[in-house]
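Quick notes on the structure that follows.
Both ligands and their constituent atoms are indexed starting at 1 by order of listing. Sequential numbering from 1 along the given sequence is applied to the chain's residues.
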Amino acid sequence: MKTLRSYIAGNWHEASEGFATLVDPSTEEPVARCSTAGVDFGAAVAWAREQGGPALRALTFAQRGQLLRAMSGALREGRNELLELSRINNGTTMRDGNFDVGGGSGTLGFYAGVARGLGDRSVLVDGDGVQLTRDESFWGQHVLVPRHGVAVLINAFNFPVWGFAEKAACALAAGMPMIVKPATATALVAERAVEMVIEAGILPPGALQLLCGRTGDLLDRLGPQDVLAFTGSADTARIFRTHAHLVGVNVRLNVEADSLNAAVLGPDVAEDTATMGLFLKDVAREMTQKTGQKCTAVRRILVPVEQLARVREQLIERLTKVVTGNPADESVGMGPLATAAQLEDAITGTAELTAEAAAVFGAGGRVEGVGSPTGKGYSFGPTLLEATDAHDVDAIHRREVFAPLATLLPYDGSAVEAAEIVAMGGGTLVNSVYSDDQAWLGSYLAGAANTTGRIYLGSESSAGAAPGSGVALPQTMHGGPGRAGGGEELGGAAGMRLYMQRLALQGSRVMVDAVAGNSD
Ligand code: NAP
């Protein structure tokens with residue numbers, strides 16, 4: 001069994017005790033073990049601050065773009081190996097694995113372009129300058145500069161490559177060194193992805209370090225110039241938000257947490273239209289892709305009461321075709337849940353939801369996976385629930401079941417009611433809405449736009465090109481208010497802000513422009 005290593009202060013560190021065991025979720029066979037026992041967390045922080053930071057800050061945006069391009073290429077070259085590791089550690093099908101692996105290299109590639117576009121400069125100009133007195137002898141300009149600290153990137157188990165890459169892309173473009181900490185359960189994939197980048201000799205010393213296992217006393221060593229970028233559950237986010245040291249020294253924290261995303265069908269959408277086809281296709285995919293283990297998965301499906309029976313029937317028809325089991329078997333279209341703990345949590349969560357909504361397809365429990373040894377594996381069948389009253393339920397709007405499960409919720413077809421029901425989720429990452437009625441959409445947005453980080457408009461005019469609501473494209477912002485964490489990531493150059501200090505430069509226009517790099 002492979003022992004995963006951490007990469008600290010320029011050396012690979014292999015622990016000799018305190019191991020967590022990683023398993024293949026299709027077979028429950030152990031595949032690796034990892035621990036950070038013996039890691040010198042102080043040395044990691046110092047190495048980043050003293051070596052990586054200065055080296056990255058000495059580069060222009062365009063030069064950092066070259067590093068990102070090379071990182072993207074290293075992951076692309078290693079794609080097949082990473083997909084295989086993803087299968088045996090995450091239980092992903094090729095397609096689901098590529099959503100993570102290809103998404104990671106694609107995001108790095110995108111930010112290579114963003115950084116290149118920012119050019120041969122190292123100060124990021126933010127908006128236009130402004131005249132502050134009667135003439136240009138006193139001028140103001142907002143700019144962003146890299147923070148002189150380390151970015152600690154803590155990721156969730158479901159995106160071991162994309163999770164690392166989307167944060168690393170923005171931190172590196174901004175000029176901050178990183179300590180990457182993947183979730184232990186799926187660190188086999190993340191460890192190899194980081195190792196590929198390090199082996200390729202792309203980055204200056206100190207720019208990228210890796211922790212496979214617990215964080216030890218790392219968080220207590222962070223300071224006011226450091227950043228903690230976290231993706232994971234709301235419960236873990238709470239630990240960081242209330243961590244005495246992090247709060248005391250004001251470490252910048254970004255949280256990408258969980259979300260009960262909603263898909264809303266507008267009342268105008270008739271059967272056999274392109275918009276209805278998109279809605280059904282998107283919802284079925286967003287329920288089952290990556291076995292429902294996506295922060296952007298659809299959990300609540302709002303349907304006008306008159307259309308409910310037909311939508312239920314058509315979704316069931318699609319879910320029936322999903323073959324669940326071991327992705328090593330070619331017939332399998334949906335792998336297992338990633339860990340025993342996830343399976344247990346999904347079963348407990350389903351019990352909470354079925355106290356409020358009836359199962360109309362699937363039973364929300366462990367199933368024998370095709371191609372898995374009998375009695376083994378964490379396969380969970382696709383499950384569709386239905387509530388009779390969307391207002392008179394609580395857990396449906398509160399309890400995330402991180403599995404291929406969603407609940408149909410009837411509503412009266414009015415934009416106002418749909419927005420009210422969606423808001424009961426307490427803030428989401430994405431809200432998909434399917435309608436060709438612009439006036440209805442306008443009313444819906446007036447009530448619902450404040451409750452989410454992204455609204456995906458599904459319509460006849462987007463049906464041919466829309467990639468699905470679950471894709472966090474690097475061009476647009478990822479994050480959401482309230483229980484979704486309140487964070488913001490990606491969104492082009494805006495994604496770099498987390499790792500930079502924004503300040504106002506004031507002085508004569510000549511001097512401000514010269515310092516901001518605006519004069520050439
Ligand atoms: P998790 O249990 O919160 O863990 C996330 C990360 O935090 C892991 O790397 C974990 O390390 C680490 N961690 C946990 N406790 C810690 C502590 N006390 N100190 C330092 N690090 C700690 O979440 P998960 O189960 O991996 O991921 C599933 C959740 O993530 C779901 O709720 C999902 O909605 C959410 N998610 C959100 C997004 C988004 O972009 N908004 C994306 C993906 C997933 P260990 O593994 O070593 O415990």
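Among Cys34, Ala185, Gly232, the residue whose heavy atom sits closest to atom 29 (C) of ligand 1 is Gly232. The heavy atom nearest to atom 10 (C) of ligand 1, considering only Gln342, Glu256, Lys167, Lys181, is found in Lys181.
A donor-acceptor contact shorter than 3.5 Å is absent between the side chain of Tyr434 and the backbone of Leu278. Under the 3.5 Å distance criterion, the side-chain polar atoms of Asn431 are matched with a main-chain donor or acceptor of Ala262. At least one donor-acceptor pair under 3.5 Å links the side chain of Thr383 to the backbone N or O of Gly381. Not a single donor-acceptor pair under 3.5 Å links the side chain of Asp100 to the backbone N or O of Asn158. Remark: side-chain polar atoms of Arg252 are paired, donor with acceptor, to backbone N or O of Met500 under 3.5 angstrom.
Of the heavy atoms in Ala472, none comes closer than 4.0 Å to ligand 1. Contact annotation for Thr215 and ligand 1: only side-chain heavy atoms (C-beta onward) come within less than 4.0 Å of the ligand. Residue contacts with ligand 1 for Leu429 involve side-chain atoms from C-beta outward but no N, CA, C or O (heavy atoms, distance under 4.0 Å).
Few gaps surround CE on Met424; more than 12 heavy atoms of other groups in view lie less than 6.0 Å from it. Heavy-atom contacts from other residues, nucleotides or ligands closer than 6.0 Å to CD of Glu84 number more than 12. Around CD of Glu488, the count of heavy atoms belonging to other residues, nucleotides or ligands within 6.0 Å does not exceed 12. Under a cut-off of 6.0 angstrom, the local environment of CZ in Arg95 is sparse, with at most 12 non-hydrogen atoms contributed by other residues, nucleotides or ligands.
The protein heavy-atom contact nearest to atom 45 (P) of ligand 1 is Arg214 NH1, 3.4 Å. Counting protein heavy atoms only, atom 12 (C) of ligand 1 is closest to Ile154 CG2, 3.7 Å. Annotation: atom 40 (O) of ligand 1 to nearest protein heavy atom, His478 NE2, 2.7 Å. If you check which protein heavy atom lies closest to atom 21 (N) of ligand 1, you get Phe240 CZ, 3.7 Å. For atom 8 (C) of ligand 1, the closest non-hydrogen atom of the protein is Asn155 O, 3.2 Å. With respect to atom 36 (N) of ligand 1, the closest heavy atom belonging to the protein is Cys295 CB, 3.7 Å. Of all protein heavy atoms, the one lying nearest to atom 28 (C) of ligand 1 is Phe157 CE2, 3.6 Å. Ranking the protein heavy atoms by distance from atom 46 (O) of ligand 1 puts Thr184 N, 2.8 Å first.
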key: Worked verdict on Phe402 versus Phe157 for ring pair (Phe, Tyr, Trp, His ring centres under 6.0 Å)   = CA-CA 12 Å; Phe402 214 50; Phe157 75 86; 5.8 Å; yes
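Checking only distances, Leu219 never comes within under 3.5 Å of ligand 1, N or O to N or O. Close N/O approach between Ala257 and ligand 1 is found [any backbone or side-chain N/O within under 3.5 Å]. On a distance-only criterion, Glu400 and ligand 1 share at least one N/O pair closer than 3.5 Å. Considering backbone and side-chain N/O atoms, Thr236 comes within less than 3.5 Å of an N/O atom of ligand 1. Below 3.5 Å of separation, one finds no N or O of Asn158 facing any N or O of ligand 1.
Short contacts between ligand 1 and Pro182, defined as distances under 4.0 Å to a heavy atom of the residue, involve ligand atoms 9 (O). Near Thr231, with a cut-off below 4.0 Å to any heavy atom, the atoms of ligand 1 are 5 (C), 36 (N), 37 (C), 38 (C), 39 (C), 40 (O), 42 (C), 43 (C), 44 (C). Each of the following atoms of ligand 1 lies closer than 4.0 Å to a heavy atom of Phe230: 3 (O), 5 (C), 6 (C), 7 (O). When each atom of ligand 1 is checked for a heavy atom of Phe402 under 4.0 Å away, the hits are 28 (C), 31 (C), 33 (C), 34 (O). For ligand 1 and Ala183, the ligand atoms under 4.0 Å from any heavy atom of the residue are 8 (C), 9 (O), 46 (O).
For Lys290 and Phe159, the positive end sits near the middle of the six-membered ring, less than 6.0 Å away and at most 45° from its axis. Stacking of Arg221 on the aromatic ring of Phe41 is not recorded, the 6.0 Å distance cut-off and the 45° axial limit not both being met.
A heavy-atom separation below 4.0 Å is not found between Lys294 and ligand 1. Residue Gly480 places every heavy atom at 4.0 Å or more from ligand 1. Assignment of Gln293 to the shell around ligand 1 is not supported, since no heavy atom sits closer than 4.0 Å.
When only modelled atom types and interatomic distance are considered, Arg33 and Thr3 share a side-chain donor-acceptor pair under 3.5 Å.
Here CG of Asn90 is found 10.0 Å from CG of Asp24. Values are rounded to the nearest 0.5 Å.
Here the rule is salt bridge (charged side-chain N to carboxylate O under 4.0 Å, His left out) with Arg399, and of Asp394, Asp345, Asp258 only Asp345 fits it.
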